[in-house]
Amino acid sequence: MSNQILWDCHMHSSFSADSDTSMEDMIREAICRGLTGICFTEHLDPDYPPTPDNEIFEQDLDGYRETLFRLREKYQKELQIHFGIELGLQPHLHDYFHELLATMPFDFVIGSSHVVHGYDPYYKEYFKGREESACYREYFESILENLHAFSEMDVYGHIDYIVRYGPNQNKYYTYERYQDILDEILRTVIARGRGIELNTGGFHYGLGEPNPCRAVIRRYRELGGEIITVGADAHGPEKIAYDFDKAAAILADCGFKYYTVFQNRKPEFVKL
């Protein structure tokens, strides 16, 4: 099947605090959608601040691994299932994450910025009494702080995650407005041999764009970026492979002839 993305490399199940869906239900839906493979990337956000809804981002890593390996064997003839993690990066967590990655046999590691100096932009408190543009810039600066502290991930996740939750979302957000800091992020990612992801969550958040937006993806390619994974950031079965037809078109338009899948922390390039 040409020009179609058949791997969803960013998804969550009930092993993540913000999902109620069983891992097996996610797998069954991926099979129904005709995917070749998926990668679970359950949240691991140590030192996550208290939230208005009392969300606790703890992770049962042993239970997660055991369940995934059991289900991978059960469905091995129908779907390839990879073992991933989404690390909620903060600079002071670098030693913890380094030790974790030395001991857990992940296929794929996403490093993401969720918490910015003690606040997650998912919650409105982060924006209270502040200019939206200043909040966005602080978020991007925090990505650089994370990259300078820790760069052992495979890709940096949803680089402009913050625009999903801004008071005006992406009404006033453009790559050009933040080009200086975004270019520095992209150059740093490339210099460290890492990649980015095209996260179609932006479409199901109503942005009309993926995360990061297509202009950032195009710039990443112009700067020499090669590694790019694709994931829908699904927390329930209805979002698996969400708008992957749009993702394929964006990648092609930005100059990519392939997307990337990681196995045993090694990139494999899959032709579009």
Is any side-chain N of the basic residue among [X] and [Y] closer than 4.0 Å to the acidic one's carboxylate O?
X    : Y    : value
R219 : E222 : yes
D154 : R265 : yes
D8   : K239 : no
R28  : E24  : yes
R33  : E29  : yes

Near E238 CD, under 6.0 Å, is it more than 12 heavy atoms from other residues, nucleotides or ligands?
yes
For Y75, does the OH atom have more than 12 heavy-atom neighbours from other residues, nucleotides or ligands under 6.0 Å away?
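Yes, the 6.0 Å shell around OH holds more than 12 heavy atoms from other groups.
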For D18, does its backbone N or O pair with a side-chain atom of H12 as donor and acceptor, under 3.5 Å?
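It does not hold such a pair.
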Could you tell me whether a side-chain N or O of T41 sits under 3.5 Å from a main-chain N or O of E86, the two making a donor and an acceptor?
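Flag not set: sc T41 to bb E86 has no pair under 3.5 Å.
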Does the ring of F69 carry R72 above it, NZ/CZ under 6.0 angstrom from centre and within 45° of its axis?
yes
For Y156, does the six-membered ring have the charged nitrogen or CZ of R194 within the cation-pi criterion, i.e. under 6.0 angstrom from the centroid and within 45° of the normal?
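No, R194 does not lie over the aromatic ring of Y156.
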Donor-acceptor pairs under 3.5 angstrom involving side-chain atoms of residues 92-102: please list them, not counting sequence neighbours.
residue, atom, partner, partner atom, Å
H92, NE2, D47, OD2, 2.8
H98, ND1, E152, OE1, 3.1
H98, ND1, E152, OE2, 2.8

Taking side chain to side chain contact (heavy atoms under 4.5 Å, CB included) as the test, write out the residues that go with T36, two or more places apart.
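In terms of side chain to side chain contact (heavy atoms under 4.5 Å, CB included), with neighbours along the sequence ignored, T36 is linked to L6, W7, Q80.
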